[in-house]
Undergrad: 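Just passing along the structure, written as structure tokens.
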Amino acid sequence: MNQFIIRGGRKLKGVIEVRGAKNAALKAFAAALLTNKPVTIKNVPEVEDIKRTIELLRRLGAEIKRLRPGEYQVTAREVNSSVIDPGIAKRLRASISLTAPLLVRKGKIRFPHPGGCVIGERPIDIFLDGYKALGAKVQYKRGLYDINAPKLKGDKLVFHTVSVTGTETMMMAATMAEGTTVLKNCACEPEIESLAEFLNQCGANIKGAGTPYITIEGVKKLRGGTYETIPDRIEAGSLAILAAASNSNLLIKNCNPEHLDSLLSLLRKVGVSIKTNKNSIRIRSSGRLKAVHIKTHEYPGFPTDLQAPFCVLLTQAEGQVLVHETIYEGRLSWTEELKRMGANILNLDPHRIEIKGPTVLKGRNMESPDIRAGMAYLMAALCAKGKSVINNVYQIDRGYEKIEERLQKIGADIKRI
Ligand code: EPZ
């Protein structure tokens, strides 16, 4: 098991490049199964969740070539199984997005309840109800879901909750369903618009992606195509927060500042200087930070995936503020360790905490619980006095490509052992 050894307190300086968005690339790999023609996926982050997804696709019979670092060709000429490997599916939530192309290609699927980050209950009723509405039969026996639908038929689906993967998966399922499918109360994240553009390039007929209303006219089949993964807005946002919290001066390149408007406006209120260009963010922090309240929200609101990093910043800022996590009921428990580092945090209920700053954080020995909380511990360790050890680095590697090497280049004292 790898560990990160971090000595905190250094200012960071220089240029850091953002990789492709994990949560966009994962869905592109799933979408590649919808066609029997080759699909090229570019700007893929070389992270553990992508590796697991590639393993899943290979087990289903897809041929996957690594053309160069960050570029893959997926050809699913035949799909020879309708079972999603339970061992791997239990390790990542995104495995559920494979259910749509498999159902389209095989007419049936079997899969376990997906795993992934332990941040709340994470039900899959939106997927099951969606498949039923499109004409499928759903059964659950001995820990496995069985879905049968020799033919999918378009219908109206109204999501009870805004769900990113739910929207993407139902959009994929409907691409080749008979007739028209209307999705209402959709998630509007940039990854969804990007997936729809790719599917349309392959011959699908999807309108409205990026808004709460999506209409899909079913087509007979899809061609191959090329998908360019959009920049990872969560990685870019985490680096911007790190620069602010560590009193640093960073140029974050290869990102799309438009996707981070809600974060950047909050960072300006915190008192950080920010300049944006089309593909980069320059961030300068004087170290004098003013705390602001945050409330997570679906896009274009403040992303739940940046809640943990932003809490670290709030421990370094002046004032007492509320952090309201509205999306997940288990996504604040990671702050127990932050308290042990010296943060002044009051838990109000599973969705709300109060942070009073600034506080001096002290290095500790920690266990990374999930991708984003793991990154938050890493950031806290970089801001802290003394040495920290972060165990279970696999969780951080699930979402960030060789993060320690990239942070070393901007002056961080971090080692992997
Ligand atoms: C995606 O998860 C991301 N993962 C998450 O990032 C991210 O935190 C989340 O969206 C919210 O932005 C991927 O894209 C792989 P949801 P997803 O369905 O799609 C409820 C990371 O670290 N819900 O939008 O699984 C659910 O409980 C990860 O990269 C239902 O009620 O999240 C939650 O409260 C962590 N029924 C809300 O919807 C369902 O059937 C939003 O979750 C599905 C979801």
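Whatever order the structure lists them in is the order used to number ligands and atoms, beginning at 1.
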Undergrad: List, ordered by chain and residue number, the protein residues whose closest non-hydrogen atom lies under 4.0 Å from any atom of ligand 1.
TA: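 Within 4.0 Å of ligand 1, protein side: Lys22, Asn23, Lys27, Arg93, Ala94, Ile119, Arg122, Pro123, Ile124, Asp125, Ile126, Phe127, His160, Thr161, Val162, Ser163, Val164, Thr165, Thr304, Asp305, Ile327, Tyr328, Arg331, Ile371, Arg372.
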Undergrad: Does the pair Arg352/Asp349 count as a salt bridge with the N-to-O cut at 4.0 Å?
TA: yes
Undergrad: Can you pull out every ring-ring contact (aromatic ring centres under 6.0 Å, His included) where at least one residue sits in residues 139-175? Sequence neighbours excluded, please.
TA: Phe111-Tyr145, Tyr140-Tyr145
Undergrad: Between the side chain of Arg10 and the main-chain N/O of Gly411, is any donor-acceptor distance below 3.5 Å?
TA: yes
Undergrad: Side chains of residues 33-44: which donor-acceptor partners sit under 3.5 Å, not counting sequence neighbours?
TA:
residue: Thr35; atom: OG1; partner: Lys37; partner atom: N; Å: 2.9
residue: Thr35; atom: OG1; partner: Leu222; partner atom: O; Å: 3.1
residue: Asn43; atom: ND2; partner: Thr229; partner atom: O; Å: 2.9

Undergrad: Sort and list the pairs that fulfil salt bridge (Lys or Arg N to Asp or Glu O under 4.0 Å) and have at least one residue in residues 157-181, not counting sequence neighbours.
TA: Lys27-Glu168, Lys151-Glu178
Undergrad: CG of Asp85 to CD of Glu55: how many Å apart, nearest 0.5 Å?
TA: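 Those atoms lie 8.5 Å apart.
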